[in-house]
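Down below is the structure, laid out as structure tokens.
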Amino acid sequence: MKRPLSHIAQTESENSQHRASLEKKPHDVSKMFDDVAQHYDLTNTVLTGGLVHVWRNVTRDAVGARAGLSVLDVACGTGASAAGYASDGADVIGCDFSPGMISRGLELHPGLDLRVADATALPFDDETFDVVTISYGLRNVVDTAAALRDMLRVTKRGGKIVIAEFSQPTNPILRAGYFEFMRLGMPLLSQIFSSDAPAYDYLRESIQAWHSQEELARLMQDSGWREVEYKNLTNGIVALHRATRP
């Protein structure tokens with residue numbers, strides 16, 4: 001029996017897998033994250049061995065959310081970090097380029113202010129937020145410097161930025177083992193736990209091609225941020241960068 005064309009199209013769409021390239025074309029990146037949104041949090045927990053929760057807590061401490069503080073969480077994904085800042089009492093807005101991520105976040109965190117927005121053209125007035133933060137999203141933006149400048153624009157004078165991002169392990173032995181895991185272990189685990197395993201090939205490639213800790217610090221400085229500093233988490237697998245708007 002022939003199936004209706006609409007059913008065939010829907011089935012093909014459901015079975016399709018999508019990944020971005022290191023060109024980071026916005027439509028491709030957005031679609032890729034739409035496709036992984038449903039199982040994103042679980043996959044991140046598995047692929048990091050649960051360390052994502054440790055890193056999130058360190059980032060949360062650095063943000064220092066509290067009552068009376070306004071926080072913008074850029075590339076907020078499903079809103080896990082934004083929900084933590086809100087529970088600490090801050091006025092929080094989360095934004096992400098992926099409508100699928102925002103939709104999933106609103107399912108998981110009803111009442112949280114989550115919006116679709118581009119990190120390079122944030123839809124907020126100048127000097128709106130006390131703290132702007134972005135976790136594991138900056139390396140996916142097509143123009144890193146433009147995003148850093150626009151986050152600077154919406155931050156109040158004297159306010160700060162907090163960036164958590166995958167980086168370069170400082171120990172050569174750990175670095176070799178880490179990249180070997182990404183080459184062999186990550187594809188296997190993403191096949192099991194992710195709704196779109198090919199997307200994690202891009203994530204691996206983007207991590208390996210990303211700036212070193214010092215390079216990102218210089219880029220932040222060049223984008224207008226001051227008092228730039230960073231610290232390594234888990235020997236540099238993740239780096240936490242902080243800076244202030246003058």
Side-chain angles (χ1 to χ4, degrees), residues 40-41 44 51-99 101-141 144-165 216-217 219-221 223-233 238-246:
Y40 182 74
D41 294 320
N44 279 352
L51 284 170
V52 66
H53 301 290
V54 176
W55 301 331
R56 185 177 297 144
N57 286 335
V58 175
T59 305
R60 186 171 172 176
D61 289 342
V63 168
R66 62 183 185 277
L69 205 71
S70 57
V71 177
L72 176 64
D73 186 13
V74 181
C76 66
T78 61
S81 294
Y85 306 141
S87 69
D88 290 335
D91 297 320
V92 181
I93 296 176
C95 64
D96 198 284
F97 197 51
S98 162
M101 284 289 194
I102 293 298
S103 178
R104 179 60 175 159
L106 291 172
E107 290 177 9
L108 294 171
H109 309 287
L112 199 60
D113 189 346
L114 302 178
R115 312 177 187 184
V116 178
D118 184 343
T120 64
L122 296 166
F124 306 105
D125 292 336
D126 296 356
E127 301 185 41
T128 297
F129 300 97
D130 296 301
V131 183
V132 175
T133 182
I134 181 169
S135 294
Y136 317 112
L138 189 58
R139 76 179 192 285
N140 300 316
V141 178
T144 305
L148 288 169
R149 290 193 299 268
D150 212 44
M151 287 188 282
L152 180 78
R153 177 186 64 80
V154 301
T155 303
K156 296 177 183 177
R157 297 188 183 278
K160 64 181 178 180
I161 188 172
V162 178
I163 301 171
E165 187 54 88
L216 179 55
L219 187 56
M220 292 171 69
Q221 183 80 17
S223 299
W225 293 96
R226 295 295 177 262
E227 301 176 24
V228 181
E229 60 182 9
Y230 71 86
K231 70 175 180 179
N232 290 316
L233 308 180
V238 165
L240 190 73
H241 285 70
R242 292 177 288 189
T244 302
R245 175 176 178 175

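Throughout, residue positions are numbered sequentially from 1 according to the sequence presented.
Using a 4.5 Å heavy-atom cutoff, the side chains of T120 and D150 are not in contact.
Listed by first and then second residue, the ring-ring contact (aromatic ring centres under 6.0 Å, His included) pairs that reach into residues 61-84 come to none, sequence neighbours excluded. Sorted by first and then second residue, the pairs that involve residues 101-112 and meet side-chain hydrogen bond (donor to acceptor under 3.5 Å, both in side chains), not counting sequence neighbours, are R104-E107.
Atom CG of N57 is separated from atom CG of L51 by 11.5 Å, given to the nearest 0.5 angstrom. Between the CG atom of L72 and the CE atom of M151 there is a distance of 8.5 Å, given to the nearest 0.5 Å. Between D41 atom CG and L108 atom CG the span is 6.5 Å, to the nearest 0.5 Å. In this structure, CD1 on I161 lies 5.5 Å from CG on L148, to the nearest 0.5 angstrom. The CG atom of L114 sits 5.0 Å away from the SG atom of C76 when rounded to the nearest 0.5 Å. Summarising the geometry, atom CH2 belonging to W55 is positioned 8.0 Å from atom CG belonging to L233; distances are rounded to the nearest 0.5 Å.
Annotation: R66, atom CZ; neighbour count of heavy atoms from other residues, nucleotides and ligands within 6.0 Å does not exceed 12.
For D113, the salt bridge (Lys or Arg N to Asp or Glu O under 4.0 Å) criterion is met by R115, not counting sequence neighbours. Listed by chain and number, the residues in a side-chain contact (heavy atoms from CB on, under 4.5 Å) with A164 are T59, S135, Y136, L240 (sequence neighbours excluded). A search for salt bridge (Lys or Arg N to Asp or Glu O under 4.0 Å) contacts involving R60 returns D88, not counting sequence neighbours. Looking at residues two or more places apart in sequence or on another chain, you find a side-chain contact (heavy atoms from CB on, under 4.5 Å) between A145 and D143, R149, L219, S223. With sequence neighbours excluded, the residues that form a side-chain contact (heavy atoms from CB on, under 4.5 Å) with A239 are S167, Q213, N232, H241. The salt bridge (Lys or Arg N to Asp or Glu O under 4.0 Å) check on D130 picks up K156, with sequence neighbours excluded. Applying the salt bridge (Lys or Arg N to Asp or Glu O under 4.0 Å) criterion to E227, with sequence neighbours excluded, gives no partner residue. Residues satisfying the side-chain contact (heavy atoms from CB on, under 4.5 Å) test with R245, not counting sequence neighbours, are E127, L152, T155, R157, W225. Applying the side chain to side chain donor-acceptor pair (under 3.5 Å) test to D125 and every residue at least two apart in sequence or in another chain returns nothing.
Taking each heavy atom of L216 and I163 in turn, the nearest pair found is CD2-CG2, 4.5 Å. Of all non-hydrogen atoms in L138 and E165, the two that sit nearest each other are N-OE1, 3.3 Å. Scanning all heavy atoms of the two residues, the minimum distance from V228 to Q221 falls at CG2-OE1, 3.6 Å. Between F129 and S70, the shortest heavy-atom distance links the atoms CA-OG, 3.3 Å. Between G64 and L69, the closest heavy-atom pair is O-CD2, 3.6 Å.
Formation of a donor-acceptor pair under 3.5 Å by the D96 side chain with backbone atoms of I102 is not found in this model. Between the T133 side chain and the V162 main chain, a donor and an acceptor come within less than 3.5 Å of each other.
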Show which side-chain atoms of residues 79-86 pair as donor or acceptor with protein atoms under 3.5 Å away, not counting sequence neighbours.
none

| request: Go through the steps to decide whether I93 and F124 satisfy the test side-chain contact (heavy atoms from CB on, under 4.5 Å), and finish with yes or no. | output: CA-CA 11 Å; I93 296 176; F124 306 105; 3.9 Å; yes
